[in-house]
Amino acid sequence: MASSTLTSPLWLSRSAFLLKTSLLPSGTRALTRGFTGPRQPPTSFSPLSLKPSFKHLSAIPSASGILAQKSSDLERSFAREDVVILGIETSCDDTAAAVVRGNGEILSQVVSSQADLLSRYGGVAPKMAEEAHSLVIDQVVQQTLDNANLTEKNLSAVAVTIGPGLSLCLRVGVCKARRIAGNFSLPIIGIHHMEAHALVARLVEKDLQFPFLALLISGGHNLLILAHGLGHYVQLGTTIDDAIGEAYDKTARWLGLDMRKGGGPALEELAREGDANSIKFSIPMRQHKDCNFSYAGLKTQVRMAIESKILSIENNSISSTSSQERRFRADIAASFQRVAVLHLEERCERAIEWAMKIEPSVKCLVVSGGVASNQYVRTRLNHVVEKNGLQLVCPPPSLCTDNGVMVAWTGIEHFLCGRFDPPPRADEPEDSMFDLRPRWPLGEEHSQGKSEARSLKRARVHPSLTSIIQGSAQQQV
Ligand code: KG4
Ligand code: ZN
């Protein structure tokens, strides 16, 4: 990432642009696209297909005469700087968009957060989150284009997150992306949210080559992956229950922290005041010699510790407590954080061992996802990585939490390899059913990484991104 771009006035940080969804006019339901009534047959939307129908693309001025070539020639044919992609992200509670140039220059980005809703209702309620996305999506995309001084006509393609995430929320972003792509004859690229978290590191660190190891830590996911190449990932470990971000959020709520700035950041701040060794929580899964994670047990330990001292975990705002009580809460925050992160450290140590056996050329550990914006996490993981002779690559906090840049950039990576879908029909009905992928693994599990505990939860899981891409590649040969 060109750091000059980040400081450009066109770039809006998450905090600089908070469209307060709670302050938007009432009657929001009227603006929400409905899901009742007869549906059109599913619209074919095969993200990352390897053989796009090039005839559709001749309508795009910047691509004419070029896209008829073999996809592997695309990157050589395009000047990277000529490629400009709009990325749209609505998989969870942030409505985000960005315009990024093929060389990694961020032309603009806008994030509208639902932090207020989260703080009021204690979590993401899918229907409410969908309404909040629907209310702001047009404004977010328009502002993104305006800030970049561009119109849709200047775009080469539109990239949009199609999974994993909440279907209702994903649908808002996908509808918007398909409307733009249909109206302006633009190719469309379906993006895997977790791949985007990982690949944004290659925008930040231009020298970051495959293969690399990645720890992706967010509100819904805890993944350790070995990235062999674009679209080719092996999953070394995942969580058997909760993700670390969920544990941060719950602990912050139980400690009565101000959730408007996000549970994770609030807890990180309070933990600085506490003694991390004061409460002895046990480190999860030590008896399992693999790279999987578990945070449900730690959450229970924390809850019990809080309830042993504080009468209620509801309505117990920290702002109205004594300094002694605040100190106790800070000790819990610090002790929780120490153990939560120790669990990450131990799993990363093992993953590095495994990775060096599978791919001895691995040089970097990428750490990304919302929790990677935590300074304590970054410092601790840096020790692990240095000890093992590797390098830590951690995007800046604004690119670790959900954002449109990571979606646009991942779109660029795939687009330049010829993986995209043709423009949708301009008259595509609003109530079309799209191929959304709420549960969508990134890669196949490494044989040593399988966990019995998780195998029970595999119903209705979409084939992994890696298997789709590898399968298409084999069909092409
Ligand atoms: O990647 P992300 O923005 O959204 C998801 O894909 O889930 O991650 C959100 C998670 C939330 O659980 C949030 O509390 C956590 O990342 N988070 C943090 C910090 N900033 C965000 N956790 C700990 N410390 C932080 N500074
Ligand atoms: Zn995320």
Side-chain angles (χ1 to χ4, degrees), residues 118-125 217-222 237-348 369-371 374-377 380 451-454 456-457:
L118 277 179
S119 116
R120 246 182 304 150
Y121 298 103
V124 184
I217 37 181
S218 68
H221 297 269
N222 245 77
T238 183
T239 181
I240 62 164
D241 42 54
D242 299 327
I244 185 170
E246 146 83 11
Y248 264 90
D249 291 339
K250 272 281 156 47
T251 304
R253 171 162 291 275
W254 292 335
L255 290 174
L257 306 190
D258 181 356
M259 302 292 285
R260 281 172 304 183
K261 50 187 152 187
L267 191 131
E268 179 182 14
E269 202 179 310
L270 181 66
R272 289 199 195 102
E273 299 172 27
D275 173 0
N277 292 304
S278 56
I279 300 159
K280 302 285 178 230
F281 297 126
S282 55
I283 301 163
M285 293 189 84
R286 278 210 146 152
Q287 69 284 18
H288 295 269
K289 306 289 177 209
D290 58 30
C291 295
N292 290 312
F293 301 88
S294 165
Y295 281 97
L298 179 58
K299 262 170 54 182
T300 306
Q301 292 180 63
V302 168
R303 190 181 172 129
M304 283 164 63
I306 296 172
E307 284 179 331
S308 71
K309 289 273 178 65
I310 305 172
L311 279 183
S312 164
I313 57 165
E314 305 297 337
N315 302 321
N316 63 346
S317 169
I318 194 163
S319 57
S320 53
T321 54
S322 64
S323 59
Q324 192 191 356
E325 170 74 27
R326 184 181 176 90
R327 173 76 207 187
F328 167 68
R329 294 188 196 199
D331 285 348
I332 292 193
S335 303
F336 156 78
Q337 177 164 258
R338 187 183 76 86
V339 172
V341 178
L342 252 177
H343 187 32
L344 296 182
E345 291 170 51
E346 292 186 352
R347 290 349 231 184
C348 283
V371 183
N374 180 299
Q375 199 49 54
Y376 179 80
V377 170
R380 296 295 306 185
S451 159
E452 284 304 310
R454 233 180 32 253
L456 298 172
K457 290 175 45 180

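Given the structure is predicted, the values throughout are model-derived calculations rather than measurements.
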So how far is it from Asn316 CG to Leu255 CG, rounded to the nearest 0.5 Å? 8.0 Å
Between atom CG of Leu270 and atom CZ of Arg327, what is the distance when rounded to the nearest 0.5 Å? 10.0 Å
So, using side-chain hydrogen bond (donor to acceptor under 3.5 Å, both in side chains) as the criterion, who are the partners of Asp275 when residues are at least two apart? none
Atom CG of Asp249 and atom CG of Leu257: how far apart are they, to the nearest 0.5 Å? 10.5 Å
Whether Asn292 side chain and Thr238 backbone form a donor-acceptor pair below 3.5 Å: yes
Look up atom CD1 in Ile244 and atom CG in Leu344, then write down how far apart they are to the nearest 0.5 Å. 4.0 Å
For the atom pair CZ (Arg338) and NZ (Lys280), what is the distance rounded to the nearest 0.5 Å? 5.5 Å
Is there a side-chain contact between Arg347 and Asp290 (heavy atoms, below 4.5 Å)? yes
Taking the side chain as every heavy atom from C-beta outward, state whether Ile332 and Val302 have any atom pair closer than 4.5 Å. yes
Once side chain to side chain contact (heavy atoms under 4.5 Å, CB included) is applied, do any residues pair with Gln337, and if so which ones, sequence neighbours excluded? Tyr248, Leu267, Glu268, Ala271, Val341, Asn374, Tyr376
Shortest non-hydrogen contact from Ala243 to Gly220? CB-C, 3.6 Å
Supply the atom-to-atom distance Ile306 CD1 to Arg253 CZ, rounded to the nearest 0.5 angstrom. 12.0 Å
Enumerate the ring pair (Phe, Tyr, Trp, His ring centres under 6.0 Å) contacts for residues 273-294, please, sequence neighbours excluded, ordered by first and then second residue. Phe293-His343
Quick check against the 3.5 Å criterion: does Asp331 have a side-chain atom that pairs as donor or acceptor with the backbone of Gly274? no
Any residue meeting side chain to side chain contact (heavy atoms under 4.5 Å, CB included) with Lys299, in chain and number order, not counting sequence neighbours: Asp242, Glu246, Ala247, Lys250, Trp254
Considering all heavy atoms, the nearest Ser335-Asn277 contact: OG-N, 4.4 Å
If the condition is salt bridge (charged side-chain N to carboxylate O under 4.0 Å, His left out), which residues does Arg380 pass it with, not counting sequence neighbours? Glu345
Under the side-chain hydrogen bond (donor to acceptor under 3.5 Å, both in side chains) test, which residues partner Ser282, sequence neighbours left out? Gln301
Going by the rule side chain to side chain contact (heavy atoms under 4.5 Å, CB included), which residues pair with Glu325 if we only count those two or more places apart in sequence or in a different chain? Ile310, Thr321, Ser322, Phe328, Arg329
Closest approach of Val339 to Pro284 (non-hydrogen atoms, all atoms of both residues): CG1-CD, 4.1 Å
For Ser319, the side-chain hydrogen bond (donor to acceptor under 3.5 Å, both in side chains) test, sequence neighbours excluded, returns Ser317
